[in-house]
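Below, each value reflects all heavy atoms present in this structure, side chains not excepted, and no hydrogens, waters or symmetry copies.
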Amino acid sequence: MKKNIDKYDDLLDLFANTNDRESMRLLFEDMFTEGERKDLELRWKLMNDLYNHVPQREIASDLHISLCRITRGSKMLKKENGYVKKYLSEHYDDHLHR
């Protein structure tokens, strides 16, 4: 039997090899509950708002989430070589955020 760490690698491979929107949607529906998918969507909305300089208190009010949760997202965007930061920068085609 493989070690637990190998299962994480297997999961990463699964996501990396799912390369179209419909397959990813089906994978998410299989793997995550509706609540978990909504949490992922909320996290993504939070990250976009933070990236676009929406004030944290406004985000908390609009999304009905705690400032603590927002702070975690803010820390993700402060990572020098963070993947989310890089993606959002490319998505918004904004060289000022790099």
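- A salt bridge is defined here as a Lys NZ or Arg NE, NH1 or NH2 lying under 4.0 Å from an Asp or Glu carboxylate O, and E90 with K86 meets this definition.
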### Task
With side chain to side chain contact (heavy atoms under 4.5 Å, CB included) as the test, would you mind laying out the steps for M76 and L50 before giving the verdict?
CA-CA 10 Å; M76 287 172 61; L50 285 170; over 6 Å; no
### Task
Kindly determine whether D62 and E58 satisfy side chain to side chain contact (heavy atoms under 4.5 Å, CB included), including the steps that lead there.
CA-CA 6 Å; D62 289 349; E58 184 177 330; 3.7 Å; yes
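- Taking every heavy atom of both residues into account, K85 and K79 meet most closely at CD-O, 3.6 Å.
- Sequence neighbours left out, not one pair with a member in residues 60-86 passes ring-ring contact (aromatic ring centres under 6.0 Å, His included).
- At a threshold of 4.0 Å, the pair D49-K45 counts as salt-bridged, since one of the basic side-chain nitrogens sits closer than that to a carboxylate oxygen.
- Once rounded to the nearest 0.5 Å, the distance linking CG of L63 with CD of E41 reads 10.5 Å.
- Contact of the L40 side chain with the F28 side chain is registered, since non-hydrogen atoms from C-beta on lie closer than 4.5 Å.
- Listed for the S74 side chain is no donor-acceptor partner under 3.5 Å among the backbone atoms of I70.
- In this structure, L67 is a member of the same hydrophobic cluster as L77, with clusters built from ILVMFWY side-chain heavy atoms closer than 4.5 Å.
- For R69 against L42, the heavy-atom pair with the smallest separation is NH1-CD2, 3.5 Å.
- Counting heavy atoms from C-beta on, the side chains of Y92 and N48 come closer than 4.5 Å.
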Scan the side chains in residues 15-26 for donor-acceptor partners under 3.5 Å anywhere in the protein, sequence neighbours excluded, and list what turns up.
| unit_1 | atom_1 | unit_2 | atom_2 | d |
| --- | --- | --- | --- | --- |
| N17 | ND2 | D13 | O | 2.9 |
| T18 | OG1 | L14 | O | 2.7 |
| D20 | OD1 | E22 | N | 3.3 |
| D20 | OD1 | S23 | N | 2.8 |
| D20 | OD1 | S23 | OG | 3.1 |
| D20 | OD2 | S23 | OG | 2.9 |
| E22 | OE1 | R25 | NE | 3.1 |
| E22 | OE1 | R25 | NH2 | 3.4 |
| E22 | OE2 | R25 | NH2 | 2.4 |
| R25 | NH1 | E29 | OE1 | 3.0 |
| R25 | NH1 | E29 | OE2 | 2.6 |

### Message
Apply side chain to side chain contact (heavy atoms under 4.5 Å, CB included) to residues Y51 and V84 and explain how you reach the verdict.
### Response
CA-CA 10 Å; Y51 186 84; V84 171; over 6 Å; no
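- Put simply, the side chain of T71 reaches to within 4.5 Å of the side chain of Q56, judged on heavy atoms.
- Other residues, nucleotides and ligands contribute only 12 or fewer heavy atoms inside 6.0 Å of the CD atom of E34.
- When all heavy atoms are compared, the tightest approach of L88 to M47 is CD1-O, 3.7 Å.
- The line from CG of D39 to CD1 of I65 is 10.5 Å long, rounded to the nearest 0.5 Å.
- Heavy-atom contacts from other residues, nucleotides or ligands closer than 6.0 Å to CZ of R72 number 12 or fewer.
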